[in-house]
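Remember, it's 1-based here, ligands and their atoms both numbered in the order they're listed. Predicted model, so just to flag it, every value in this text is computed and none were measured.
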Amino acid sequence: MDLEKIDVFSNPGNPVVIAGPCSAESEEQVMSVASELSHNGVTLFRAGVWKPRTRPGCFEGIGKEALPWLQRVKSELSMSVATEVATPEHVELALAAGIDLLWIGARTTANPFAVQDIADALRGVDIPVLVKNPVNPDIELWIGALERLFNSGVKKLGVIHRGFSSYGEKFFRNAPQWQLPIELRRRMPQLPIICDPSHIAGKRELIMLLSQQAMDLNFDGLMIETHCNPVCALSDARQQVTPDELMMILSKIVHRSAYNTATDFSTYRKQIDSIDEDIMKLLVKRMEISREIGEVKREKGLTVFQPFRYNETMKRCAEWGMDGKLDPDAIRAIFEAIHSESIRQQLSIVNEEI
Ligand code: PEP
Ligand code: MN
């Protein structure tokens, strides 16, 4: 994909900062948060005009009546303004209002029909579009949305990583699953990646940590929901910060450099490479043994998966994680992968004749 630079992102050497409320609620709310942000040097303002809500009956955004408020932010404060679009009608209204930057929300990215409709509405229009990750951790769906827009001629593309939803009790509102944006960066190195710690966190206390982590992973910027009176916000009240808190977060972030020619890691990296090779050799050996067990299971008519054995392995993983040297979740993930490869190999042995 031959992408063009997003002009409003040109902030050489500094991460892009997009801030503003989850939703535009009133003209006064929009103007007060925008002017505080602008006085603090923020140049990109976000506000949701149409809000995709999981359940009906919540505040679904003011709708097109809020667009003139964003126009005021643009003309009176010289900020660039961004909003979410989910339908061709939203696109048409946002373009007519002179919105500078559009984003596609996580629920919309997950729906190829909706993304195609938006892409069709944007054909021939030169406006930057940021695509939030789909709610589910599917990198192909995320890239598919980018391709649909690109095929319609949208060349100024970027993405927003806002985490992935899951079932049950959870620490994050949307788990970061950093491996997805990292893989996206590997596949599309020229694509700007913005992190939205607000929607990952779901609570303001975690925004600092997530912002720092995003910067440590070389993200190009941050989108942070900001409201003058977060507790009274009509949507996402738990995760919004005040403009002062935002400035505090931004000032505390430590910026580390991705490239430093003065530091030579080659000795360490050689050691790591050789350890990786040892790990691979051991894994191959482990799989050989596992295949031998597979043959015995076939002869004796035993099932491949033996739950008590798997439980034992997983129990050992938890014990290994107890000294705190490795994260127990990471150990579990490694052994789940090893175990599932082992099962795959045994299944092919047991079913050799099929
Ligand atoms: C938002 O940015 O306010 C929003 C609704 O985001 P998401 O699509 O990530 O849920
Ligand atoms: Mn929100």
Inset, instruction - Would you mind checking which non-hydrogen protein atom is closest to atom 3 (O) of ligand 1, with the distance to 0.1 Å? - result: Lys51 NZ, 2.7 Å
Legend entry - Nearest protein heavy atom with distance in Å, relative to atom 8 (O) of ligand 1: Ala106 N, 2.8 Å
Legend entry - Pair Asp264-Arg269, salt bridge (charged side-chain N to carboxylate O under 4.0 Å, His left out): steps then yes or no: CA-CA 9 Å; Asp264 181 7; Arg269 293 207 163 125; over 6 Å; no
Inset, instruction - In plain terms, say whether Lys156 and Asp7 are close enough for a salt bridge, that is, a side-chain N and a carboxylate O under 4.0 Å apart. - result: yes
Legend entry - Carboxylate-amine/guanidinium contact Glu205 Arg238, below 4.0 Å: yes
Legend entry - Cys22 to ligand 1, any heavy atom closer than 4.0 Å: yes
Legend entry - Heavy-atom proximity to atom 1 (C) of ligand 1, best of Arg107, Gln239, His199: His199
Inset, instruction - Out of Lys132, Arg162, Arg173, Glu225, indicate the one that has the non-hydrogen atom closest to atom 6 (O) of ligand 1. - result: Lys132
Legend entry - Full working for side-chain contact (heavy atoms from CB on, under 4.5 Å) between Asn133 and Arg162: CA-CA 6 Å; Asn133 63 258; Arg162 50 77 82 195; 3.6 Å; yes
Legend entry - Part of Met223 within contact of ligand 1 (heavy atoms, under 4.0 Å): neither
Inset, instruction - Would you check if Lys203 and Arg173 make a side-chain contact, meaning some heavy-atom pair closer than 4.5 Å? - result: no
Inset, instruction - Please work out which of the three classes, parallel, tilted or perpendicular, describes the rings of His161 and Trp178, given edges at 30° and 60°. - result: tilted
Legend entry - Name of whichever N/O/S atom of Asp236 is nearest to the Mn ion (ligand 2): OD2
Inset, instruction - Of all N, O or S atoms in Glu225, identify the one at the shortest distance from the Mn ion (ligand 2). - result: OE2
Legend entry - N or O contact, Gly105 vs ligand 1, cut-off under 3.5 Å: no
Legend entry - Contact atoms of ligand 1, heavy-atom distance to Glu84 under 4.0 Å: 4 (C), 5 (C)
Inset, instruction - May I ask you to decide if Phe164's main-chain N or O and Ser166's side chain share a donor-acceptor pair within less than 3.5 Å? - result: no
